[in-house]
Visitor: 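Here it is: the structure, laid out below.
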Amino acid sequence: MLLAVDVGNTQTALGLYDGDELRDNWRVATERQRTGDEIGVMLSGLLDFDSVGAVCLSSTVPALVREWELMTERWLGAELLVVGPGVKTGIPIRYDDPREVGPDRIVNAVAASAKYGNPCIVVDFGTSTNFDVVSADGEYLGGVLAPGIEVSMDALFARAARLVKVDFVPPPSVIGKTTVGGLQSGVVYGFAGQVDGVVAAIRGELGVEARVVATGGLADLIAPFSKTIESVDPFLTLDGLRLVWERNH
């Protein structure tokens, strides 16, 4: 089976595929100082190493790529494909310098194009909120990067002594009757409004009504309050890694 691994700045998502079927998935904290052996010990508690024949990896943390390479060789003895320059994605990248694009953004575009059709816009709620655009011709055009929900709220709490951290849940009303309610409303309606505004601008530039799919840890929180998000796909990045693996074998 294929182990798809997306190493993000905050969390690492893992998915175990049998063909195109996602058999199991996990989400763990990304620890930048973790060694290959530590990754191996962590994985040994999640899955049967004998069942893994290959690994497809995307990482926004360059230092961890080598550690995953060491882990795959020593603990799994499996073939490893690291998404990056030279890897076949099946999608032309129309970026000034394709090497600057995060591999997670590319695999999201690959999956969205294959699963939802073109043109499309991916909104990924991670450490940053990423908007990635695929043209009607199936080309990756680029996108928009904005501070993520948790990063934005952490910055607010750090600078406002009287504000306390709140659970990320829908508010009872738009107009907050308490400080907590006001903060929760700001998160939900503020970021939903951001999504709708950015999507409208992208669609205007494209000249077409591109479909919008959301992914990432907080997509389920924001999507019901957005007028433009049409689908939520929690496994979009993992599916993109599977597709990239298949296109290189």
Side-chain angles (χ1 to χ4, degrees), residues 2-15 17 30 32 54-69 72 79-148 151 195 198-199 201-208 210-216 219 233 235-249:
L2 171 70
L3 180 63
V5 182
D6 174 42
V7 180
N9 288 296
T10 305
Q11 295 184 336
T12 297
L14 306 102
Y17 284 90
T30 297
R32 294 169 183 261
V55 178
C56 188
L57 172 74
S58 71
S59 177
T60 57
V61 185
L64 286 176
V65 173
R66 179 56 179 160
E67 300 305 323
W68 274 93
E69 291 173 342
T72 303
E79 181 180 355
L80 172 67
L81 176 66
V82 179
V83 179
V87 171
K88 298 176 184 177
T89 62
I91 184 169
I93 301 174
R94 307 304 185 200
Y95 210 73
D96 287 351
D97 185 352
R99 294 170 297 181
E100 291 183 356
V101 187
D104 55 329
R105 299 177 66 189
I106 297 301
V107 297
N108 278 346
V110 167
S113 176
K115 297 177 70 175
Y116 299 96
N118 301 320
C120 59
I121 302 167
V122 178
V123 185
D124 188 353
F125 294 95
T127 304
S128 59
T129 301
N130 299 341
F131 298 78
D132 292 296
V133 184
V134 180
S135 72
D137 295 326
E139 303 169 315
Y140 178 81
L141 299 180
V144 176
L145 301 175
V151 169
V195 169
V198 172
V199 166
I202 291 172
R203 285 174 169 172
E205 193 164 293
L206 287 176
V208 292
R211 183 168 184 176
V212 180
V213 56
T215 191
D233 190 334
F235 304 120
L236 188 73
T237 311
L238 296 178
D239 284 342
L241 287 166
R242 174 184 59 81
L243 289 167
V244 169
W245 171 264
E246 292 173 354
R247 292 172 183 182
N248 284 270
H249 290 83

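Only heavy atoms go into these numbers, but all of them, side chains included; no hydrogens, no water, no symmetry mates.
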Visitor: State, with a plain yes or no, whether a side-chain heavy atom of T215 is found less than 4.5 Å away from one of N108.
Guide: yes

Visitor: Below 4.5 Å, heavy atoms only, C-beta onward: do T127 and V151 meet side chain to side chain?
Guide: yes

Visitor: Ignoring hydrogens and geometry, is there a side-chain-to-backbone donor-acceptor pair from R247 to K88 under 3.5 Å?
Guide: no

Visitor: Between V122 and F131, is there a side-chain heavy-atom distance shorter than 4.5 Å?
Guide: no

Visitor: Looking at residues at least two apart in the chain, or sitting in another chain, which of them share a salt bridge (Lys or Arg N to Asp or Glu O under 4.0 Å) with D97?
Guide: R99

Visitor: Give the minimum heavy-atom separation between G138 and P92, together with the two atoms involved.
Guide: O-CD, 3.4 Å

Visitor: At what distance, to the nearest 0.5 angstrom, does CG of L80 lie from CH2 of W245?
Guide: 8.0 Å

Visitor: Using the side-chain contact (heavy atoms from CB on, under 4.5 Å) definition, which of the options V198, T129, N130 pairs with V123?
Guide: T129

Visitor: Got D124 and R105 here, is their nearest side-chain heavy-atom distance under 4.5 Å?
Guide: no

Visitor: Test T12 against D6 for side chain to side chain contact (heavy atoms under 4.5 Å, CB included), laying out the working first.
Guide: CA-CA 6 Å; T12 297; D6 174 42; over 6 Å; no

Visitor: Taking T89 for its side chain and V107 for its backbone only, find out whether a donor-acceptor pair lies under 3.5 Å.
Guide: no

Visitor: Mind listing the closest non-hydrogen atom pair of Y116 and R211 along with its distance?
Guide: CD2-CZ, 3.8 Å

Visitor: Looking at side-chain heavy atoms only, is the closest gap between V134 and D132 below 4.5 Å?
Guide: no

Visitor: State the CG-CD1 distance between L241 and I106, to the nearest 0.5 angstrom.
Guide: 12.0 Å

Visitor: Does the R203 side chain pair with the main chain of A210, one donor and one acceptor, at a distance under 3.5 Å?
Guide: yes

Visitor: Rounded at 0.5 Å granularity, tell me how far NE2 in H249 sits from CG in L2.
Guide: 9.0 Å

Visitor: Whether the D104 and T237 side chains hold a donor-acceptor pair (N or O, under 3.5 Å, no angle test) is what I'd like checked.
Guide: no

Visitor: Heavy-atom distance under 4.5 Å between the side chains of E79 and V55, does that happen here?
Guide: no

Visitor: Just checking, any donor-acceptor pair under 3.5 angstrom between side chains of S135 and D137?
Guide: no

Visitor: Counting C-beta onward and ignoring hydrogens, is there a side-chain heavy-atom pair between V110 and Y140 closer than 4.5 Å?
Guide: no

Visitor: What are the two closest non-hydrogen atoms of Y95 and P98, and how far apart are they?
Guide: O-CD, 3.6 Å

Visitor: Any chance you could lay out the side chain to side chain contact (heavy atoms under 4.5 Å, CB included) test for N9 and R32, step after step, and finish with the verdict?
Guide: CA-CA 8 Å; N9 288 296; R32 294 169 183 261; 2.9 Å; yes

Visitor: Going by the rule salt bridge (Lys or Arg N to Asp or Glu O under 4.0 Å), which residues pair with E139 if we only count those two or more places apart in sequence or in a different chain?
Guide: R94

Visitor: Pair C56, V83 - check side chain to side chain contact (heavy atoms under 4.5 Å, CB included), show working.
Guide: CA-CA 7 Å; C56 188; V83 179; 4.0 Å; yes

Visitor: Of all the heavy-atom pairs spanning N118 and A136, show the shortest one and how long it is.
Guide: CB-O, 3.8 Å

Visitor: Considering non-hydrogen atoms only, spot the tightest contact between A111 and L243 and give its length.
Guide: CA-CD1, 3.9 Å

Visitor: Would you compute the distance between atom CG of L141 and atom CD1 of I93 and round it to the nearest 0.5 angstrom?
Guide: 11.5 Å

Visitor: Please report the closest heavy-atom contact between P62 and S59, naming both atoms and the distance.
Guide: N-OG, 4.4 Å

Visitor: Please answer whether the main-chain N or O of W68 pairs with a side-chain N or O of T72 as donor and acceptor at a distance below 3.5 Å.
Guide: yes

Visitor: Would T10 and T30 count as a side chain to side chain contact (heavy atoms under 4.5 Å, CB included) if you check the C-alpha gap in whole Å, the side-chain angles of each, and the deciding distance to 0.1 Å?
Guide: CA-CA 5 Å; T10 305; T30 297; 5.9 Å; no

Visitor: Is there a side-chain contact between N248 and V87 (heavy atoms, below 4.5 Å)?
Guide: yes

Visitor: Can you sort out the partners of K115 under salt bridge (Lys or Arg N to Asp or Glu O under 4.0 Å), two or more places apart, ordered by chain and number?
Guide: D233, D239

